[in-house]
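Per chain, numbering begins at 1; letters A, B, ... match sequence-line order.
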Amino acid sequence: MINRSNVAAAPHELPISTPEGQFIARYSKLGLCSLAFPSRTKRRPSDAISARPPAQIRRWHATASKALRLALAGRPPKALPPLDLSAGTDFQQRVWRALRRIAWGRTWSYGEVAQAIGNPRAVRAVGGACGANPIPVFVPCHRVLAAGNTLGGYSGGLNWKRALLQREGIRYAA
DNA sequence: TAAGTGCGTCGTT
DNA sequence: AACGACGCACTTA
């Protein structure tokens, strides 16, 4: 079941410049609702960034920008903006909430995530929900490894997963 | 050991 | 009805 009632039709879209490239953050009235990895493709003019976001969104964006730059530098962020995960199905939201309990520098397996949400056999479905995570890095789906500490997949590309794990000092099976 | 196959399982499209 | 960011058993090389 999808709940779009809290998702603004046209969320504010703001860039975050990092040494790794320009991420795009999107904000609803509830908080950060999406974070996109740097894209090689040029943004179209129709995707223009809104001129002057409200003060609250500017504060959220400042927090998010700082947090992202810390994370990419290998330091755990001290504060995050509110995360708006309301666009997901009930199942996805349960998975995403569970992912937020994985500590910096630690990993869970897909099976452990499935257990954490009380649905121990929905292992494969958990993988699907991880792939649908709209806020990578802050909702740390990169900390979910396959059984035997193998890498598993990553919708943002395995290079990003490897990079994020490395910044947290996480080791996994070759 | 490493790589490949088959199947259970379940949320999403 | 088909498809996965899975996991496990089992077979082959």
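For the pair A/L164 CG and C/dA5 P, the computed distance is 18 Å after rounding to whole Å. Regarding A/F37, its CZ atom lies at a distance of 13 Å from the C1' atom of C/dA5, rounded to whole Å. Atoms CZ (A/R94) and C1' (B/dC10) sit 11 Å apart, rounded to a whole Å. Rounded to an integer number of Å, the gap from A/I117 CD1 to C/dC6 C1' is 13 Å. Across the protein-nucleic acid pair, A/R121 atom CZ and B/dG11 atom P stand 10 Å apart, rounded to whole Å. Rounded to an integer number of Å, the gap from A/W96 CH2 to B/dT12 C1' is 12 Å.
Distance from the side chain of A/Q92 is smallest to B/dT12 among B/dT12, C/dG7, C/dA5. You'll find that the side chain of A/R124 is closest to B/dG8, out of B/dC10, B/dG8, C/dA5.
More than 12 heavy atoms of other residues, nucleotides or ligands lie within 6.0 Å of CD in A/E20, so this atom counts as buried by the packing criterion. Annotation for A/R58: atom CZ counts as buried by contact number, over 12 foreign heavy atoms lying within 6.0 Å.
DNA chain C lies under 4.0 Å from at least one heavy atom of each of the following residues of residues 140-151 of chain A: A/C141, A/A146, A/A147.
Taking only side-chain nitrogens and oxygens, A/N119 never comes nearer than 4.0 Å to OP1 or OP2 of B/dC10.
Counting only distance, with no hydrogens or angles, the side chain of A/W108 and the backbone of A/A98 share no donor-acceptor pair below 3.5 Å. Looking at A/T150, its side chain never comes within 3.5 Å of a backbone N or O of A/G152 through a donor-acceptor pair. Checking side-chain atoms of A/H61 against main-chain N and O of A/P15 turns up a donor-acceptor pair under 3.5 Å.
The residues A/E168 and A/R75 are annotated as not salt-bridged, no charged nitrogen and carboxylate oxygen being separated by less than 4.0 angstrom.
Pairing partner, C/dA5: none, since no Watson-Crick or wobble contact has both distances short of 3.5 Å. The partner of B/dT9, taking Watson-Crick or G-U wobble pairs whose two distances both stay under 3.5 Å, does not exist in any strand shown.
Counting any heavy atom pair closer than 4.0 Å across all strands shown, A/F91 reaches sugar-phosphate atoms only and no base atom. Within the 4.0 angstrom heavy-atom criterion, base atoms lie near A/G131.
With contacts defined as side-chain heavy-atom distances shorter than 4.5 Å, the pair A/L32/A/P81 qualifies.
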